[in-house]
Amino acid sequence: MTSSATTSSTVTVRFFAAAEEAAGTEAGSYSARDVAALRDTLIRTHPDLATVLPRCALLVDGVRAEDTTSLIGAATVDVLPPFAGG
């Protein structure tokens, strides 16, 4: 039996603008149970994201997410740094 505390989901993460530059890729697949765990995984995998990621908005399946947002059943996470202009 798997505990919900250890359950994770594999999601496609798409990086945009400065986040893409820091990650060195447009997208990748990562496993995490929630957004906080995903942030940790992304920084471990792409250390240059450490300076960009704290300023980024993360959208889970198109909806803005907080660190406590579960990724179970999610498909896509978009990493969006602040954009200038309007």
Would a single hydrophobic cluster contain both Val60 and Ile43, if residues Ile, Leu, Val, Met, Phe, Trp and Tyr are joined by side-chain heavy-atom contacts under 4.5 Å? yes
Side chains of residues 47-57: which donor-acceptor pairs under 3.5 Å do they make with residues two or more places apart or in other chains?
from: Thr51; atom 1: OG1; to: Asp48; atom 2: O; distance (Å): 3.4
from: Arg55; atom 1: NH1; to: Thr51; atom 2: O; distance (Å): 3.0

Drop me the distance from Thr7's OG1 to Arg33's CZ, to the nearest 0.5 angstrom. 10.0 Å
Under 3.5 Å, side chain of Thr69 to main-chain N/O of Glu66, donor-acceptor pair present? yes
Correct closest heavy-atom pair for Ala19 and Pro81 would be N-CG, 3.9 Å
Among the clusters formed by ILVMFWY side chains lying less than 4.5 Å apart, do Leu58 and Tyr30 turn up in the same one? yes
Between Thr10 and Ser31, is there a side-chain donor-acceptor contact under 3.5 Å, judged purely by atom types and distance? yes
Could you give the distance from CG (Asp34) to OG (Ser9), rounded to the nearest 0.5 Å? 11.5 Å
What one should report as the nearest heavy-atom pair of His46 and Thr25 is CE1-CG2, 4.3 Å
Which heavy-atom pair separates Asp61 from Gly73 by the least distance, and what is that distance? OD2-O, 4.4 Å
Taking the side chain as C-beta and beyond, is there a heavy-atom pair between Phe15 and Asp78 under 4.5 Å? no
Would a hydrophobic clustering, with Ile, Leu, Val, Met, Phe, Trp and Tyr connected at side-chain separations under 4.5 Å, put Val13 with Leu80? no
For Arg14 against Thr76, the heavy-atom pair lying closest together: NE-CG2, 3.5 Å
Looking only at heavy atoms, what is the nearest atom pair of Leu71 and Val77, with distance? CD2-CG2, 3.9 Å
